[in-house]
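So you know, we letter chains A, B, ... as the sequences are listed, proteins then strands, and number each from 1.
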There are 2 protein chains.
Amino acid sequence: MEYTISRLAEIAGISTRTLRYYDEFGLLSPARISSNGYRIYSQKEVDRLQQILFYRELGVPLDEIKKILSSKDFDRQAALESHLSALRAKRKQLDLLISNVEKTIKASRGEIIMSDQEKFEGFIQKLIDDNERKYGEEAREKYSNESVDRSYAKLKSMSKEQYEELEKLTAELNETLKAAFEQGDPGSELAQKACELHKKWLCYFWDDYSKEAHIGLAQMYVDDPRFTAYYDKIAAGCAEFLRDALLIYCK
Amino acid sequence: MEYTISRLAEIAGISTRTLRYYDEFGLLSPARISSNGYRIYSQKEVDRLQQILFYRELGVPLDEIKKILSSKDFDRQAALESHLSALRAKRKQLDLLISNVEKTIKASRGEIIMSDQEKFEGFIQKLIDDNERKYGEEAREKYSNESVDRSYAKLKSMSKEQYEELEKLTAELNETLKAAFEQGDPGSELAQKACELHKKWLCYFWDDYSKEAHIGLAQMYVDDPRFTAYYDKIAAGCAEFLRDALLIYCK
DNA sequence: TTAAACCTTTACGTAACGTTAATGTCAAGC
DNA sequence: GCTTGACATTAACGTTACGTAAAGGTTTAA
């Protein structure tokens with residue numbers, strides 16, 4: 001079955017402008033261009049557009065969607081499973097919001113007391129997104145999309161409390177790393193503790209921890225200036241120190 | 001309790017940039033500016049920000065949020081009730097999406113057959129938004145925000161099938177109106193049928209129909225060039241004809 | 001005193017389209 | 001064949017809601 005641009009736009013519930021933009025962007029090309037210059041879409045494009053819209057619904061930026069779908073490792077089945085997981089997480093967040101409104105209604109009637117923090121329960125999307133973008137994006141580029149999509153779903157389902165725990169863990173990791181760095185020995189007890197904390201930190205993002213992935217990431221910290229910059233904010237040379245410590249830890 | 005900008009941003013899960021933007025935009029001003037020039041927010045601002053974030057979560061553009069919250073008719077309790085209603089509607093849409101993924105997974109395994117239309121079930125947000133914007137926005141300006149917010153929630157909860165029914169009804173209304181207009185008599189049976197259809201059409205948007213609201217809207221069709229343009233696409237003079245017919249219908 | 005964290009304003013840039021204009025193509029009706 | 005409306009194209013400007021960076025002032029703790 002073939003579609004012109006408006007037919008496809010109509011069934012998908014989007015504008016023709018969007019489809020043209022996606023073509024221009026290289027995200028979704030038509031199957032062919034007919035003799036009159038019109039875009040013609042087929043079954044394959046329908047399925048690809050569906051995937052795009054799922055990712056879009058989950059807030060994934062278009063350039064990332066493009067990367068994911070273009071990867072030779074892309075697995076449709078796995079992607080669908082991860083959409084399911086992410087959508088369920090999103091529903092949980094929505095339930096938090098619904099619960100928040102219900103509580104706010106009660107508070108406004110004087111039936112309960114609500115803290116200012118509670119009033120924003122469920123509105124942590126941006127913080128989560130930002131955090132994922134800071135840490136997850138780089139990982140996504142290095143590892144299979146399937147794994148990263150599952151990680152994304154996992155992060156999305158974090159409660160605010162878990163998120164705060166992650167923040168604490170991050171702070172503790174950075175402190176420990178700094179102290180170990182000042183000692184100067186990647187094999188020291190303190191350095192190995194930092195590595196343990198780093199592993200724990202990673203398990204907030206990764207479903208399946210593996211030593212080789214950990215080492216690979218550590219090497220990336222040194223190779224990629226953005227990561228180097230992040231750790232070298234703690235102290236200059238800290239990214240390399242962490243890599244050296246992790247080489248020992250993961251042996 | 002008072003907050004500096006970063007404290008408020010933190011508990012709300014948004015950026016300080018967002019708060020500054022909202023200040024500049026006139027959406028959320030601080031309670032006061034301290035002697036050192038810093039923005040200081042209080043309880044009232046906390047509650048207002050919560051409202052803003054609920055509307056934002058529901059996809060309401062900032063300028064509309066501003067209008068709603070600035071209206072002297074704004075009723076916090078009613079707004080919270082409408083957020084609840086809208087969030088529940090949004091949850092329903094999310095359920096549709098989840099169901100869609102589940103079905104797509106089965107289809108990809110060859111367990112079921114799925115039409116191309118079904119593959120986009122739940123992705124009708126944009127169409128609904130556009131439709132609401134086209135028809136609902138004008139009504140919002142004229143009638144109480146409470147009523148419109150409920151209408152918004154009602155439209156949001158429409159299934160795709162209901163939406164298609166609405167499209168059919170719109171087409172039928174336009175045809176009938178055209179035929180009646182060609183007859184030239186606002187009191188004719190056909191013209192009164194068009195009015196009946198128009199009422200039916202409105203009840204997709206309005207919880208509470210009233211004759212005076214209907215007449216008011218009809219007058220607006222003539223007064224506002226955007227509405228006049230819409231109906232005069234059917235035939236020049238059609239907006240006035242519809243008003244005249246409705247004046248008779250609503251008597 | 002110093003440094004880090006926090007605050008301000010200003011200003012440029014961005015993502016993902018929406019809207020408009022100009023023009024070509026197709027199909028149905030006269 | 002002609003006309004008209006629907007559908008298609010490309011190009012280009014505009015929009016919304018911030019993100020990011022720069023420059024500089026204020027507060028706090030060591």
Quiz item: In whole Å, what is the span from the CD1 atom of B:I33 to the P atom of D:dG25?
Solution: 19 Å

Quiz item: For DNA chain D, whose closest nucleotide is more 5', that of B:R17 or that of B:L62?
Solution: B:L62

Self-check item: Position toward the 5' end of DNA chain D (nearest nucleotide), B:S35 or A:D23
Solution: A:D23

Exercise. Indicate whether the side chain of B:S15 and that of B:T18 have a donor and an acceptor atom separated by less than 3.5 Å.
Key: yes

Quiz item: Are B:H83 and B:E57 linked by a side-chain donor-acceptor pair shorter than 3.5 Å?
Solution: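 Checked: B:H83/B:E57 side chains show no N/O donor-acceptor pair below 3.5 Å.
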
Does the side chain of [X] get closer than 4.0 angstrom to OP1 or OP2 of [N] through an N or O atom?
X     : N      : answer
B:R56 : D:dC18 : yes
B:S15 : D:dC18 : no
A:T18 : C:dG18 : yes
A:T4  : D:dA8  : yes
B:Y22 : D:dC18 : yes
B:N36 : D:dT27 : yes

Quiz item: More 5' along DNA chain C: A:Y38 or A:F25, using each one's nearest nucleotide?
Solution: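 Between the two, 5'-proximity favours A:F25.
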
Quiz item: Does a salt bridge link A:D116 with A:K119, judged by any charged N lying under 4.0 Å from a carboxylate O?
Solution: yes

Quiz prompt | Test item: A:E64 side-chain N/O and A:P61 main-chain N/O as donor-acceptor pair under 3.5 Å | solution =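 Not confirmed, A:E64 side chain does not pair with A:P61 backbone.
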
Quiz item: Using a cut-off of 4.0 Å on non-hydrogen atoms, how would the nucleic acid contact of A:T16 be classed: base, sugar-phosphate, or nothing?
Solution: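 Nothing, no heavy atom under 4.0 Å.
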
Practice problem: Remember a base hit wins even if backbone is also touched, and classify B:R39 as base, sugar-phosphate or nothing at under 4.0 Å, heavy atoms. | Solution: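 Sugar-phosphate, backbone atoms only, no base.
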
Self-check item: Nucleotide nearest A:S6 when distance is taken to its side chain, options D:dA8, C:dT9, C:dC17
Solution: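 My answer, after comparing the listed nucleotides, is D:dA8.
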
